[in-house]
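This structure is a prediction, so every number in the text was calculated from the model and none was measured. A note on names: the letters A, B, ... follow the listed sequences, proteins ahead of strands, and every chain is numbered from 1.
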Amino acid sequence: MHTVERSHDRKLRAIVVFFAFLLTLLSMSSLPAASADDVGTDEYEFVFSGNVQFDREPLENVRLTVEGNGYEAEVETDAEGRWRVGVPEKDTYTITLDEDTLPEGVIVVEGQASVDAEFGLTSTKAVNFFLGEGVRETTSYLDTVIDRVFNGLNFGLLLALASIGLSLIFGTTGLSNFAHAEMVTFGALMAFTFGVVLAVPLWLALPVAVVATAAFGYFNDALLWKPLRRRGVGLIPMMIVSIGLSLAVRYLYQVFYGGSTSQLPGVGMAEMQFGPVSLSWVDIGSMIGSTLILLGVAYFLLRTRIGKATRAVSDNPGLASASGIDVDRVIRIVWTLGGALAGLSGILWAYFRPGVSWDMGFQILLLIFAAVVLGGLGTAFGALVGSVIVGLLVELSTLFLPSDMKYVGALGVMILILLFRPQGILGRRERIG
Amino acid sequence: MIDWGQLFSNAAVELISPTTAAYALAALGLAVHFGFTGLLNFGQAGFMALGAYGYAISTLTFNFPVWASVLVGIGASVVFALILGVPTLRLRADYLAIVTIAAAEILRLIFTTNTYIDVTGSANGLSGYKGGFAALNPLPEGTYGFAPFTNNSYDTWLRIVAWTIVILACLFVWLLMRSPWGRVVKGIREDEDAVRALGKNVFSYKMQSLIIGGVLGTVAGMIFILPRAVVPSNYQTTLTFFIYTILLLGGAATILGPVIGSIIFWVLLSFISGFIARAVEVGWLPFLSNVQAGQLRFVIVGVVLMLIVIYRPQGIFGNKKELAFVK
Amino acid sequence: MSNSPAPRRGAPVKTTGLHIGEAEPGVAKVDPIVVLDGVKRTFGGLTAVDVEHLEIPRNAITALIGPNGAGKTTLFNLLTGFDKPNAGTWSFDGQTLAGVPSFKVAKMGQVRTFQLTKALALLSVLDNMKLGGKDQKGENLFRALVPSSWRDQDRALEEKAIELLARFKLDGKKDDYAASLSGGQRKLLEMARALMSDPALVMLDEPMAGVNPALTQSLLDHILDLKTQGMTVLFVEHDMQMVRHIADWVVVMAEGRVVAEGAPREVMQNQAVIDAYLGSHHDTDLGEDPTRVDTIKELLHDDDRT
Ligand SMILES: Nc1ncnc2c1ncn2[C@@H]1O[C@H](COP(=O)(O)OP(=O)(O)OP(=O)(O)O)[C@@H](O)[C@H]1O
Ligand SMILES: [Mg+2]
């Protein structure tokens with residue numbers, strides 16, 4: 001099984017991380033002592049040491065502080081980037097690298113400018129800092145923005161695949177389908193089942209997964225929703241049924257696939273630099289693929305007979321059926337198409353996160369809903385616009401917010417937009433009376 | 001062999017557990033929202049989280065006494081209701097759903113982020129706030145009750161307080177719903193434009209209802225954390241869905257429905273998970289591991305939710321007469 | 001629409017001398033209760049309402065007629081604060097109403113019914129009626145908790161409701177859910193409910209549509225009764241017989257504009273009115289906004305080609 005550990009944190013991806021330092025304890029002990037780069041090593045027998053480098057170049061005059069147990073010392077690196085600090089006790093100290101003393105364009109990987117260091121069995125301890133290219137407010141802010149925009153577009157396009165299906169289903173049946181996320185997960189799980197468990201080649205496994213999800217959508221309608229429509233179950237009860245379905249199916253996934261995260265083949269492929277933007281082939285393929293599929297969907301809705309019928313049903317089911325459109329057939333096609341799109345979205349989401357897990361769809365369910373609501377409930381093109389906005393918001397909000405709050409920005413902005421344009425961006429207002 | 005006696009007594013414990021009381025209260029709040037006013041609040045988990053964190057943070061960070069911590073929680077939830085309500089109560093029902101669900105998630109993410117770890121404890125949550133409540137306990141040390149309902153002094157005190165609050169809340173909602181205020185609110189559930197045309201300030205009534213139900217959820221959140229710790233992952237959307245399951249089980253537009261719904265939910269859930277676990281142990285379900293079996297109960301909750309909505313939409317206590325018209 | 005009211009004990013007393021000068025669109029009234037100026041409402045490219053000037057006479061029965069889609073319901077929505085115009089001002093009883101929310105409009109005594117009936121389905125008929133009551137103490141959250149503070153008022157309200165229900169032949173149904181009423185009965189219930197607040201102006205959107213002819217007569221009597229009680233009635237109706245029978249004044253709308261005004265008998269002869277009716281498809285109401293029909297047309301167009 002091809003698994004590559006990659007951080008879930010997309011923010012880190014934007015930063016190209018280099019190893020700044022690789023020194024063994026043995027080589028440390030043979031270093032000559034210097035003045036400002038060598039503090040307290042004569043008084044104390046316990047020594048922290050390190051070598052600050054970026055891109056294999058040593059960085060001089062970088063300031064570090066060592067603090068703990070009431071002791072504090074400051075040190076600057078020498079021309080080779082080296083530093084040594086002696087401390088009184090064999091205990092834990094906090095070592096902080098002062099980012100302001102780094103050259104322009106170089107930063108410490110987020111959250112690691114300060115490390116807690118502890119001695120092992122020996123009386124010396126090497127302390128590494130991971131440096132990377134990136135923004136520190138003043139440096140290449142624009143480049144980061146551009147990079148985030150690309151990530152946001154990529155994310156937005158994959159969201160769009162899922163939200164267009166949700167929107168079409170809402171438009172044609174009035175159902176707010178909370179179980180849509182489970183179709184997204186289903187696509188990724190099928191890709192995993194075929195591509196990894198059964199080791200089918202990827203070019204075959206992915207289409208098979210999409211077809212399987214399309215079938216899942218079809219049976220969703222045929223076995224559950226159509227009978228419920230026949231019974232005349234109201235829209236809100238139907239929505240709650242979809243919540244029940246979502247719970248049941250999601251935990252069923254966990255029963256079958258377990259609670260862990262696995263990877264699809266090709267995850268963690270090398271990234272290429274295009275100016276400020278770093279993308280892997282998977283990213284490029286994902287963006288091109290989703291754009292092509294979305295164009296296909298647009299063609300389907302605008303030009304084909306059945307696509308027009310779909311829009312007609314969305315606009316006004318009663319009138320459409322009075323004009324001789326087979327509404328049930330349209331709805332079945334919408335469910336199947338919605339399933340296929342959700343499945344593809346799930347596969348792309350598995351590459352984007354990266355990872356396949358039982359609740360991966362549920363994690364973005366709210367963003368999908370946000371996209372649909374933003375665009376205007378029930379309008380397919382609105383969902384597309386909404387998704388791209390949500391995708392961009394999520395990625396760009398990391399410029400201002402900690403990355404574990406990036407969804408907060410997107411959801412907050414959705415609430416704000418609803419304040420000013422309740423019918424969504426492309427939606428229409430209802431009539432009264 | 002399966003020890004049925006043990007299974008039944010474990011399940012029976014849930015009959016009066018504080019968790020059951022907390023869910024009953026949260027579901028009662030949702031009944032005010034959804035059952036009586038027709039507000040699709042999908043953020044009840046957020047209101048509960050505000051109660052939990054409001055109480056715990058006031059106690060731990062600010063050293064507030066119990067009554068002040070409770071007030072902080074309630075105040076926070078009133079503010080939350082206002083923030084949610086002002087933009088959305090004028091919009092269509094499904095917008096309230098999406099906004100409340102999003103707002104509850106925003107709260108949870110804020111409580112989970114590392115940024116405020118000093119106050120919220122981040123993903124690990126908070127504990128050590130029970131002292132104040134325990135100090136109010138008038139019961140001397142010792143064991144109370146009879147098997148299977150035996151508890152120590154703290155747990156007994158907690159059960160007494162929790163269920164007293166539930167009973168008072170039921171009384172409160174009952175009084176409200178049989179008054180002209182309740183009539184207006186039920187009218188809004190049926191058709192808010194019609195009620196508006198009769199000269200009622202629909203927005204204000206919806207807001208009052210949102211606040212009342214939200215505060216009930218917030219108090220439920222406080223009861224919920226008194227037997228355990230505050231953990232942010234407890235306040236996921238799934239919590240709201242469980243509360244909907246309870247509400248619909250009992251009957252959405254009823255007073256006792258949420259209480260009975262919660263009791264049934266927890267007793268059954270405890271019994272089913274106990275049963276599945278034992279069944280796996282004795283080899284009745286050879287294709288399942290113990291961990292898998294643990295997840296199966298959520299599958300069952302989901303299926304039960306679907307079945308009630310489809311086959312008994314008025315719930316156990318709902319009015320049969322309504323059934324003909326439920327849309 | 002052929003339920004001609006059987007002649008009753010003499011024709012109803014018409015109020016005359018309502019206007020000042022020539023009876024033309026926008027003519028001034030002796031004692032107007034509602035005055036509109038430059039009220040305009042567009043939906044996308046479609047101008048639904050565009051009224052330069054209009055006055056509704058007080059203590060009279062005014063009929064608002066016009067072909068389907070003329071903008072009558074939209075005008076009702078604007079007047080009652082359910083919709084906001086693109087431009088224009090209007091006043092009720094001397095108070096400007098622009099920007100006043102619908103519930104306040106109702107509180108001021110201008111109560112309406114809806115073309116698509118809005119019975120509160122899962123409330124009993126009696127509760128539906130009581131909801132119409134004005135200034136109820138128990139509708140305050142805190143007083144609601146003290147039943148003794150509102151019980152007396154509620155009882156009085158109940159008596160009034162039962163009296164009204166009896167007049168609308170609904171008293172037998174008072175404890176049933178409104179959902180169990182027939183379509184016509186719901187119309188009646190809605191009208192009765194609107195009267196619970198003793199309004200100064202009652203606005204009825206097609207009150208007779210779907211009501212059994214036998215009942216129409218008593219309803220008409222009731223509307224006439226409202227006038228004798230000092231109320232003003234503005235109603236939308238397609239049934240010309242009825243309009244002729246009870247209206248004191250008729251306002252004709254077409255394509256959003258007021259094309260004619262006058263006493264019932266004269267206005268029917270007006271060329272503009274005849275044009276308005278003949279120029280439109282009177283009976284092809286799909287009940288839907290035509291802009292949404294586009295995709296269907298497009299589809300049908302496809303069929304033609306293939
Ligand atoms: N919310 C809306 N969005 C778009 N168009 C609307 C809306 N409401 C009304 N319209 C359009 O405005 C025009 C006037 O509609 P209105 O309902 O006022 O007609 P009406 O005179 O009441 O007709 P009827 O006699 O059939 O009830 C119609 O063409 C209608 O399609
Ligand atoms: Mg109309």
Does any backbone or side-chain atom of B:V185 lie under 4.5 Å from a heavy atom of chain C? Answer side chain, backbone, both or neither.
neither
Just give me the residue among B:W181, B:Y205, B:F203 that pairs up with chain C most often, heavy atom to heavy atom, under 4.5 Å.
B:W181
Hey, what's the ring geometry for B:Y244 with B:F42, parallel, tilted or perpendicular (30° and 60° as the breaks)?
tilted
Could you tell me whether the side chain of B:L171 reaches within less than 4.5 Å of the side chain of B:I167, counting heavy atoms only?
no
Residue from C:L141, C:L123, C:D127, C:V111 scoring the most non-hydrogen pairs under 4.5 Å with chain B is C:L141
Distance-only criterion, 3.5 Å: show the donor-acceptor pairs between side-chain atoms of residues 211-220 of chain B and protein atoms not counting sequence neighbours.
| residue | atom | partner | partner atom | Å |
| --- | --- | --- | --- | --- |
| B:T218 | OG1 | B:F47 | O | 3.2 |
| B:T218 | OG1 | B:S77 | OG | 3.0 |
| B:T218 | OG1 | B:G214 | O | 2.9 |

Are any of the side-chain heavy atoms of C:K107 and C:K134 separated by less than 4.5 Å?
no
Residue part contacting chain B, namely of C:S197, when any heavy atom lies under 4.5 Å
neither
Count the heavy atoms of every other residue, nucleotide or ligand shown that sit under 6.0 Å from NZ of C:K160, and state whether that count exceeds 12.
yes
Which answer fits C:D154, side chain, backbone, both or neither, if we ask what part of it has an atom under 4.5 Å from a heavy atom of chain B?
side chain
Just do the side chain to side chain donor-acceptor pair (under 3.5 Å) check on C:S124 and C:D175 with the steps written out, would you?
CA-CA 5 Å; C:S124 73; C:D175 294 321; 5.5 Å; no
Which one, C:A144, C:A106, C:G138, leads in non-hydrogen pairs under 4.5 Å with chain B?
C:G138
Side chain, backbone, both or neither: which part of C:K130 has an atom under 4.5 Å from a heavy atom of chain B?
both
Ring centres under 6.0 Å, that's the criterion: do C:F76 and C:F82 meet it?
no
Using heavy-atom distances under 4.5 Å, tell me whether C:R151 contacts chain B through its side chain, its backbone, both, or neither.
side chain
Between B:F172 and chain C, with a heavy-atom cut-off of 4.5 Å, which part of the residue counts as in contact: side chain, backbone, both or neither?
both
